[in-house]
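Below is one structure, written out as C-alpha cells, with a few remarks after it.
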Amino acid sequence: MADRYSRLLSLLEATATPAPKSSTASNDAGIGADQGEGGAKRTKRRRRHDSSVATTASEPTHRSESVRSPDVDAAPNGEAEEEDDAAAGGEAEEEDEQHADEAAGEAESDAAAWVSKPYEAHFNVEWTTDQLDEREKELQEARWKLPGLGDAVAMVPSGTAAPELPSAAEACLASCHVLPSLRERWSARHGAKLTPQQRSMVGLVSTYRDVLHCDASLHAYSELLPVLALHAVQHLVVSRRMLQRHAKREAPPQDQGFTRPTVLVVLPFRAQALAFMQALLSLLPTAYEQVENKARFFREFGEEEGAAQVPAAKPEDYKLLFAGNNDDCFKCGVRVTRKSLKLYSSFYQSDLVIASPLGLRVALGDGAKKRDVDWLSSIEVLLVPYADVLLMQNWAHFSELLDALNQLPTQQRDTDFSRVRSWFLDGAAPRLRQTVLLSAHPAAELHALLRTSRNVAGRVRTRASYAGLLAKVPPALRQLFVRFAADDPATAADARLDAFRDRLLPSLLSSFSAGPEGRTLLFVPSYFDFVRVRELLTAEGVPFVAISEYTPTKQVSRARSAMQNGTVPLLLYTERAHFFRRHKLSGARHLAVYSLPSYASFYVELLRMLERPQSEHGTGSTCAALFSRLDLLQLQQLVGDDRARRMLSSDETSFLFC
Amino acid sequence: MAEPAPSPEPVDAESRQEAEVSFEQLGLNESLCKACANMGFKHPSAIQREALPWGLQGRDIIGLAETGSGKTAAFALPILHKLMEKPQPLFALVVSPTRELAFQIGEQFEALGSLIGVKCAVAVGGVDMVQQAIMLAKKPHVVVGTPGRLVDHLQNTKGFSVRGLKFLVLDEADKLLNMDFEKELDIILQASPKERNTYLFSATMTSKVKKLKRACLSNPVKVEVSSKYATVKQLIQQYMFVPAKHKDCYLTYVCNELAGHSAIIFAATCATVQRIALMLRSLGFPAIPLHGQLSQAKRLASLNKFKAGERSILIATDVASRGLDIPSVDLVINYELPANSKDYIHRVGRTARAGRAGRAVTIVSQYDVELYQRIEHMLGQKLDEFPAPQDEVLLLMQRVGEAQRLAAMDMREKESKKRVGGKRMRDGGEEDGTDPDLQRMIVQASKKKGARGRK
C-alpha cells in the first residue's frame, strides 16, 4: 500500500512538476526553440524565478512531501504575487517585476502564445440573443465517420466536415489549436503519436461542441481521460491568461462569468478523480511550477491504507472500476494562478471543480435549506466521463446538478459586473456551455441530455454498431426473447408487469414443480420494478428470496445459500446489486430477465452463472427475457443491430435462440 | 355652477405662444421630434420651451416648475439629444425621491427613446440587488433610481460606476432633501465626475435646495415657469366649511355632485385613506386606496387601475401628492388639510395639468380654520365656497352612517387578521426587505421588455 503511494508520488514527480534539473540553459533552450521569440523572452523570467527558488530546485524530491513550504521560505515575493492574482485578476500581477517595460514586452509575446482560436470564437464574442438563435438555426444534421470512435451523428453548422487529423501528436494538436506549451507537454508525456480514438476525441472537444460518446469501455479511459484533461487544462490556461492580460488594460473588456469556476468535472469515485488529476497535472505547462496541497490530494484520493483489495475473482471490468479509493463522496476545487496550481481551494476561488454527484449534492445542500449554487453559474465546460457509472449511482443527484448549472446568481459574490460577459448577463450561459459525456453504453437519459442541449456550437453523438453478445453465451442454452407491446414510456412499466404475469410467470411456476431443477434467477434491473415484482410474487404466494442494492450483507448471504441449497426456487436480483457487488450466485438453473440490463455483458455473466445439467437427460438450462420496442438500445447491444431491428419489426413476438 | 369644460384649445396669451413654437424649432433632433409626436406631444410645454434650448447648449439647469408641467420630458429630451450625438453606456443618472416616480421617469425615457433604442434601467429599493446589478451591467444608457438603492449599488456592486456619467438629474430635489437623502446625494455627487451636466428640478425653492444648487451646479440657468406658490390658472379652487362630524357626509355629497370625473381625495393618514375608500366603495363609488402601508406591488396596481380608468376615485395620502403623472384628474378633494401649506400646492397640482381645466375642493372643519387661513394667505387669494345646501347634504346622513359602520367593521376585521397572521406573513414574504410582489412584477416587466426587444 505504502509503496504504491510513493510510486504514485514519484511518478508525478517525474512528470507534473517541471523538475528543472537546474536553471541551466539546456532546459530553457528547448522551450525557446519551440516558441521562437515569445518563448525566448519568457525564459528570462523563468530563469529569474528559478534562481529565486534555487534551494528547492536542488532537491526536487523534497517538493512532493511538503509542496508549499520551501517556496514560502525562499521566495515570499513569489507568494505575494500569486495572491495578487488571486484578487480576481484586478491587479497587474507583474508589479513586482523589476522592469516594468520588459514586463509589457512579455505580455505582448505572451498573448500570442496563450491564445486559442476556438476559445476566442466561442466565448469571446458579445453574442446577442438573436445571434445565438441564428446560430442554433444553422445547425444541421450530418453523418460522420470518426476513426476510433465509429459512426457519429452530428448537429453542426452545415458544411462542417468530420475532423480529419494527422496521427502525429504535434501536428494533430496544433491543428486543434492546442497551446504550444501543452503540445510539448503532451508529446513528452504521451509520446509523439495519438491513437485514432484520441485524435477524434481531441477534434471533437476542442471545438467546444457537445459530445456524447456511448462506447467508451473502461479500457478506453486510459486514452480518453488524458484528452479530456488536456481540454480542461487548455481551457483553464487560456482563460486565466486572457484575464491576466485584460486586467492590465485601462478598461478591461467583458471577459468573465459571474463566478470563477469555469470547468466542472463529474466523476464517480475518488480513484477516477485521482486518475484525472494525474493526467491534468502531467499536462500542466512548464510555467506552472508548483502545486499546492498536492500531497494531501494524493493522500486523500489514493488508496486508503488497510482498505480491502478488490478480490481477484471479480471480473476484469469490475476490478478496473472499483480498484483504488472507491469513495463516492468527494469534491475538490482547483485554482489556477499565473505560476501555480492550488488544490482544495474553495468553490468560489476555484477555476476547476472536480467532484462526484453525491459530493456536490452534499455541498450544494438540499432543497429545504438555502442552496448555494451560485458558483455553478459560470461553468463553461462540463466533463462527464463515466456517465454510465453515474447512472448506476444516483442519476437524480446529477440531473439536479444540471438544473442548478448556469443559473443567474442569487447573491453578488464579489462579482465585478462590469466584466461579466454580456451573454452571461442575458442568461444565455447554457447556450455556450460545453457538455462532454462518455459512457460505456448508450442510454436514454444521456441521449435526452444531448438532444436537449442548447450549445450553439453544435453537438456530436457517436453511434456504435453492435454485433451482439449471443456468440459469447455458453452453448446449448435455450434463450427465449418475448416481445410485449409498449409504446408509451409512461405506461411501459405496467405493460411489462402484465407481460411478466401473463407470459413468463406461468412457465416459471410450472418449472418450480420440477424441484431443484427448476431454480430460477429472476433479474430485475430497476429497483422500482423490483419492488413491484416483489409485491406481485408475494400476492401470488410464490416463494422467493431477493437481493437488491439495499439488501444487508447478512440477508444477501442467507439468500445466496437458500438458492444454492435449493430451499427456495426463485431469486430476485437487481442490476445495481450486480454492478456494485458482482455476486457469484450459484444454484440457479434458469434465468428470467424481467427487463434487459443496461450493461449487456451482465446478461452473459448471469448466463454463465447458471448451473448446467450434469447429464444429457435432464432438462437444459433456459433463459427467458422480456423486451419491448422501448428497449431498443439494450437489445441492440445484446443481439446486435440487425437482429434487434428484425426482432422489433417482425410479426412474431417470441424469438428462440439455441 | 360654472363647470369649466376641459378645453383643448389654448386660450390665453401664453398658450398661444406655445402653439407657435414646435420641437423642431427648438433645435431638437428629428427622431426625438417624431417620438414626441408619437407620444402625443404636439407642442412643447412652457417648461420644455424654456429648458430645451439651454439644455441643448449644454448648460446646467435649475428648473422650478409645478408637477405635471411636462418636466420629465424637459430634462429627458436634451439628454437623449446629447446621447444621440455621442452614444455611450451610463450616459445619464436620474435621482428620484420615490420608487413610483422612478418607474415613471424610466418609462418616459424608454418611450421617448424608443425610436433610437435607448436602454434604461430603474434601480429602486424593494427589488433583488443581484437582478438589478445584472440589469445595470447590461450597460443601459440611462439609470433612474432612488438615492438609497443607488448608493447601495455604488458601494456594494463591484463594477458599477458612474465615473463616465455625462448627465445627472436630481428630480423633486426639495423632496429628496426633505426625505433626509442628503447623505446619499452627497455620495452620488462624489461618485459622479466633475465634468458633467447637472439638472436640478424642484417644485419649490427652499434654502436646502439652494444649498444643493451651489454644491452641484456650475453656472446654472434658472428656468422658472410659474411664480412662487402659484397654482395654475385653469384651476378652480373652492372650499367647504363643514362641521367635523359631518365631514363624510359632505365628502359623499361632493363625490356625488361631481360624479363621473376622475378624482383624487387626499387624507392625512393611511388609516383614514383606508376607511374612506371602504366607505365610498360601500356607497357604490369606484374608489381605490393608495398609501404607504400597501406593498409596492399593490401601490403600483392601484395606480395603474386608476390610470386605466377602471376606478375613477383615488384616495391617497401625500405619497401621491407629488410626481405621479396622472394626466386626467379633473378633481382634487382635500378631505383633510395638509399640515404644510406647500403641500397644498402639490396636492392641487394633480389637477388642471398641461393646460387642462381642473377643480380643487377643500373640506374645512371648525378645527382647520387656522391652517386654512394660512393656505389662503400663501395663495394670496380668497377661495370661493363650494355650494352645498345643508338640507340636501343631510339627506345622505343615514346612508353614509351605514357605510361608515360597515367600513369600521371591515377595518377592525382586517386589523385582527393582521395581528393573528402578521408574524407568519412577515416571515414568509418580506424577507431581506425585498418585496416579493414587486419582484415578480419587475421580472414580468423585464420579460415583456425583452419580448418587445426581440421583435
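To find a chain, count down the sequence lines: A is the first, B the second, and so on, and within it residues start at 1. For clarity, every value in this text was computed on a predicted model and none was experimentally measured.
With rounding to the nearest 0.5 angstrom, the OG1 atom of A:Thr410 is 10.0 Å from the CD atom of B:Gln131. To the nearest 0.5 Å, the span separating NZ on B:Lys158 from OG1 on A:Thr415 amounts to 8.5 Å. Considering OG1 of B:Thr157 and CG of A:Asp414, their distance stands at 11.0 Å, rounded to 0.5 Å. Distance check: B:Asn156 CG to A:Gln412 CD gives 6.5 Å after rounding to the nearest 0.5 Å.
With contacts defined as side-chain heavy-atom distances shorter than 4.5 Å, the pair B:Lys138/A:Asp426 qualifies.
Within 6.0 Å of atom CD in A:Glu120, more than 12 heavy atoms from other residues, nucleotides or ligands are found, so the atom counts as buried in its surroundings. Counting heavy atoms of neighbouring residues, nucleotides and ligands inside a 6.0 Å radius, atom NZ of B:Lys82 exceeds 12 of them.
Both the backbone and the side chain of A:Leu425 come within less than 4.5 Å of a heavy atom of chain B. Using a 4.5 Å cut-off between heavy atoms, A:Phe258 touches chain B through its side chain atoms alone.
Of all non-hydrogen atoms in B:Gly159 and A:Ser418, the two that sit nearest each other are O-CB, 3.2 Å.
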Inset, instruction - Just do the side-chain contact (heavy atoms from CB on, under 4.5 Å) check on A:Phe417 and B:Ile134 with the steps written out, would you? - result: CA-CA 7 Å; A:Phe417 281 90; B:Ile134 289 172; 3.9 Å; yes

